[in-house]
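Step one of this worksheet: look at the structure below.
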Amino acid sequence: MSSARVLVSFAVLGLGALALAAYARGQHTNAEFEEAPSDSGGAWGSFDPGAWIDAAFPIDDISQSIANLGSEVEAMTQQPSGFSIDANVRAFLETIKQCEGTANAADPYRVCYAYRHTVQDLSDHPAVTGEWRGETLPPAMCAASGYGPGCVSTAAGAYQFIKPTWLKLKAKLGLSDFGPASQDAAAVQLLRDCGAYGRLAVGDLAGAVRKASSQWASLPGSTAGQGGRSMGQVQAWYGGFGGGAA
């Protein structure tokens, strides 16, 4: 068995033990949560990329989390030289802000979809605090996202998290607010959950975009009908922010 496989095996076993312990703790805490109804739509500074391991995973996510970690660890053992995982992830986060259009705002972390409201209270997502109820989307956009006429987008923050997605990530990571560090942490977790993080670990930008387009409608390949950016634009932004590709 190769050293990479051995490392993957130990990592998976380790996460399994952590996940079981987290579940046991969850019997006496609020680790479980009721997912919010469906909705439409999608600093780095103090975030510790390893802190997610300490989160109490909802029991339904344990198997997927173990599978994700195994693929990520294996990818990292095969990482080409010339770039770092952290640099690639940071560059990709900045690229997402560019694609979503939040990078051009005075404070990207306070942006609400359609730019008609600026988040005032960062204690939680604005659709949770009640300061903003979202924006109604055009019928064609609702249909492209699989919803009927009159659907509402609650996309907010630098990475345009919709309310249900934010609540799930908040619970998984134990986030206490909607501040920049929390939004960055949630975005990295979402990259892990959709499989884009593992692609960035090996410098596969196209693969990362393909995975992440399921979460961010502005990325190339998204079928949400919200005007995705071109791959050329993504490559230029990503490289400009220091991202490396194999």
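For the numbers below, each heavy atom of this structure counts, side chains included, while hydrogens, waters and symmetry mates do not. Small disclaimer: the values here were computed from a predicted structure and weren't measured.
Of the possible donor and acceptor atoms, none in the side chain of Thr102 sits under 3.5 Å from a partner among the backbone N and O of Pro108. A distance-only check finds a donor-acceptor pair linking the side chain of Trp216 to the backbone of Tyr159 [under 3.5 Å]. Counting only distance, with no hydrogens or angles, the side chain of Gln120 and the backbone of Thr118 share a donor-acceptor pair below 3.5 Å. With hydrogens and angles disregarded, no donor-acceptor distance shorter than 3.5 Å links the side chain of Arg199 to the backbone of Ala208.
To the nearest 0.5 Å, the span separating OG on Ser230 from CG on Leu219 amounts to 11.5 Å. Atom OG1 of residue Thr136 and atom CE of residue Met141 lie 12.0 Å apart, to the nearest 0.5 angstrom. Note that CG of Asp121 and CZ of Arg110 are 8.5 Å apart. Values are rounded to the nearest 0.5 Å.
In the hydrophobic cluster analysis, where Ile, Leu, Val, Met, Phe, Trp and Tyr join through side-chain heavy atoms closer than 4.5 angstrom, Leu93 is grouped together with Leu122. By the criterion of side-chain heavy atoms lying less than 4.5 angstrom apart, applied directly or through intervening Ile, Leu, Val, Met, Phe, Trp or Tyr residues, Leu200 is grouped together with Met231 in one hydrophobic cluster. Put simply, Ile96 and Tyr109 are part of the same group of oily side chains (I, L, V, M, F, W, Y) that touch within less than 4.5 Å, one to the next. With hydrophobic clusters built from ILVMFWY side chains whose heavy atoms lie under 4.5 angstrom apart, Val111 does not share a cluster with Trp237. Both Leu169 and Leu191 are part of a single hydrophobic cluster, where members link through side-chain heavy atoms under 4.5 Å apart.
Counting all heavy atoms, side chain and backbone alike, Ala185 lies closest to Leu173 at O-CD1, 3.6 Å. Between Gln183 and Phe178, the shortest heavy-atom distance links the atoms NE2-O, 2.8 Å. Smallest separation of non-hydrogen atoms from Gly101 and Tyr115: O-OH, 2.9 Å. The two residues Cys194 and Gln215 have their closest heavy-atom pair at CB-CG, 4.0 Å. For the pair Gly150 and Cys142, the tightest heavy-atom approach, listed with the atom from each and the gap, is N-SG, 4.1 Å. In terms of heavy atoms, Cys99 sits closest to Val234 at SG-CG2, 3.9 Å.
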### Message
As a quick check of understanding, evaluate side chain to side chain donor-acceptor pair (under 3.5 Å) for Glu135 and Ser153, giving each step before the final call.
### Response
CA-CA 5 Å; Glu135 294 283 343; Ser153 173; over 6 Å; no
### Task
Could you check Leu205 against Gln235 for side-chain contact (heavy atoms from CB on, under 4.5 Å), going step by step and ending with a plain yes or no?
CA-CA 8 Å; Leu205 177 59; Gln235 290 171 329; 3.9 Å; yes
### Task
For side-chain contact (heavy atoms from CB on, under 4.5 Å), just list the numbers for Asn88 and Tyr238, CA-CA rounded to whole Å, side-chain angles, deciding distance to a tenth of an Å, and then say yes or no.
CA-CA 8 Å; Asn88 284 2; Tyr238 178 75; 3.1 Å; yes
### Message
Set out, in order, the CA-CA distance, both residues' side-chain angles and the distance that settles salt bridge (charged side-chain N to carboxylate O under 4.0 Å, His left out) for Asp193 and Lys168, then state yes or no.
### Response
CA-CA 11 Å; Asp193 290 346; Lys168 185 173 183 178; over 6 Å; no
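Counting heavy atoms from C-beta outward, Val128 and Lys163 have side chains that approach closer than 4.5 Å. Annotation: side chain of Pro126 is in contact with side chain of Cys112 (closest heavy-atom distance under 4.5 Å). Between Phe241 and Gln98 the shortest side-chain heavy-atom distance falls below 4.5 Å. Thr154 is not listed as a side-chain neighbour of Tyr113, based on a closest heavy-atom distance of 4.5 Å or more. Looking only at side-chain heavy atoms (C-beta outward), Val119 and Trp132 stay at 4.5 Å or farther from each other.
Using a cut-off of 4.0 Å between Lys/Arg side-chain N and Asp/Glu carboxylate O, Lys170 and Asp124 are scored as salt-bridged. A salt bridge links Glu94 and Lys97; the closest N-O separation between the charged side-chain nitrogens and carboxylate oxygens is under 4.0 Å.
A donor and an acceptor atom, one from each side chain of Glu131 and His117, are located under 3.5 Å apart. A donor atom on one side chain and an acceptor atom on the other are found under 3.5 Å apart for Asp177 and Ser182.
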